[in-house]
Amino acid sequence: MEPAITKLLIVARSFVGRWFKLDGSGAEREREGSRFLTEIRAGITTWAAMAYIIAVNASILSDSGGTCVCTQSDMCVNDDVYLTCVEEVRQDLITTTAAVSALASCLMGLLANLPIGLAPGLGLNAYFTYSIVGFHGSGQITYQEALAAVFLEGWVFVILSLLGLRQWLARIMPQSLVLAVGAGIGLFIAFIGLSNGGLFVIGGDQTNFVGLGGCKAEDYVENLSGYCARGVLRLPTMWLGIFCGGILTLLLMLYRVKGAILIGIFLVSIISWPRPTSVTAFPHTPTGDAAFDYFKKVVTFRPLQRVGDVLDYHYGNGRVWYALVTFLYVDILDTTGTLYSMAKFAGLRDPVTLDFERSTVAYCVDAFSISMGALMGTSPVTAFIESATGISEGGRTGITAITTGLMFFVSVFFAPIFASIPPWATGSALVIVGCLMIRNVKEINWDYVGDAIPAFLTIIIIPLSYNIAYGIIAGLGSYIAINGTAWILMKISGGRIVPAHYEYSEEWVVPPGGLVPIWFQKLTGRYQDPHMDPPQELQSRQEHSIDMAESAHGDALRQKFEDEVSVRSSGQHH
């Protein structure tokens, strides 16, 4: 046996290998193809694709003003004292984002054994900032009250997860919609990679909403960042990302070079860090100068001074409950859809139960992380769709998520370096992963309108609304409206009014296990493994299979005899 293979087996058969169910560990339901070094590489890849959230989340949440108090009618946009306070909030939030992402990802990997990274969610942070707290605190409730709503949301989610409600809601979804969510997420992250949050191939358009981008800042439409008035597709950083981060990465993937996506991300980043170039991430502007000054610090740690443990438990305010309920329904659909899609993409979804292993633990980890994030001053934590980059690199176990978490922990101290990975370095990676995820569409039932239309609406609404939850709502709503109406008409007419091609419709069934969570069934001794048939049912199935086999064999012999007679008769005739 070769030394390299021997070392892999030693790791696989250790306690660590058995806990994470590495391939060759001998553990029950071990993860086929999982290797320790592959998992580490996948975790670094996931982190590299997620690292942008450190700077982006801090930037968005700091727009709320945090704990800074504005007393002017112009929202303090020219108040230097207030703006200095906001900058301190932003720096605090860089530490917070990296720290809570490290905690959540490590817990997800260690306890749930899933290759999924967690961090404060995009979309939810924008809703928290601009719709709840408001720009510079001009919204419905204060920053501190909003954090209290998020904190309580996390504990409500813990209860729902322990009761099995979150898992049950996901499992009863029609299979075509589940597949559509994964495909829609693929389009979503590809669109993010192509927009001005990535390569900037696609930009805003005043007439058609979206159009070609890739222009320089001086060619923007006046007062509209990201809208090109002229000079499209001339941005050097866009072409750097396309060729070094995209084409080169794809060529490496064609020849099965391990870590291809990670190589592309770091190559583009390294090329972008020097200043005197046309593709620099630090242009000679006030913003670029500030970013470069921060980048030069390399190693620094900033303790939380303005956003740590500042919750205002003012639950008597009705608007706090409005924020809580809104966070609940958006987050439950967003996180549920992402977790199930990532589990399926990694091949970890059970085809019988339609669930994934340790789903209750995974949802409890997500819920706990939401509350811990609130204590550190950030909006709800969620599973990240960028986890698909690590999964595509071979990540199949929790070692991937733990590696991602450890990289985020290092980022707490090396935030100036890790926050300087430019968006065009990860843009092509997101497009490539989106391409890999869109293949779910081939398994959707396109033969029946009642399944096809809701699936299509889910796929198209997710990227166009920039929100996974809205896509799921559109799909479920249309599915219930279309198929519910058809079902009612069939019942009223006694089965005479039946939709065209109804025989091709996807059968909707309640998955095995019901609403009662598995942990409670085991505790009460009522759990029955859905993979194991009851003895009578198993015997019945075996007898039925034998009868079918004998019948098929008899039919085949009969057909063979008739063919031989036909051939002989034909020969005699001639």
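For Ser101, the side chain to side chain contact (heavy atoms under 4.5 Å, CB included) partners are Thr97, Ala119, Pro120, Phe408, not counting sequence neighbours. Under the salt bridge (Lys or Arg N to Asp or Glu O under 4.0 Å) criterion, Arg18 pairs with no residue, sequence neighbours left out. In terms of the side chain to side chain contact (heavy atoms under 4.5 Å, CB included) criterion, residue partners of Ser272 (sequence neighbours excluded) are, by chain and number, Leu240, Val268, Ala281, Pro422, Trp424. Scanning for salt bridge (Lys or Arg N to Asp or Glu O under 4.0 Å) contacts around Arg90 gives Glu87, with sequence neighbours left out. Under the ring-ring contact (aromatic ring centres under 6.0 Å, His included) criterion, Phe191 pairs with Tyr466, not counting sequence neighbours. With sequence neighbours excluded, the residues forming a ring-ring contact (aromatic ring centres under 6.0 Å, His included) with Phe301 are Phe413, listed by chain and number. The side chain to side chain contact (heavy atoms under 4.5 Å, CB included) check on Ala190 picks up nothing, with sequence neighbours excluded. Remark: Arg302 engages Asp92 in a salt bridge (Lys or Arg N to Asp or Glu O under 4.0 Å) (not counting sequence neighbours). Residues satisfying the ring-ring contact (aromatic ring centres under 6.0 Å, His included) test with Phe20, not counting sequence neighbours, are none. Ala98 pairs by the side chain to side chain contact (heavy atoms under 4.5 Å, CB included) definition with Ile54, Ser411, Val412, not counting sequence neighbours.
Sorted by first and then second residue, the ring pair (Phe, Tyr, Trp, His ring centres under 6.0 Å) pairs involving residues 84-105 (not counting sequence neighbours) form an empty list. Applying the side-chain hydrogen bond (donor to acceptor under 3.5 Å, both in side chains) test to every pair with at least one member in residues 61-70, sequence neighbours left out, gives these pairs: Asp63-Tyr130.
In this structure, Phe151 and Tyr313 have perpendicular ring planes: the angle between them is above 60°, well past the 30° mark.
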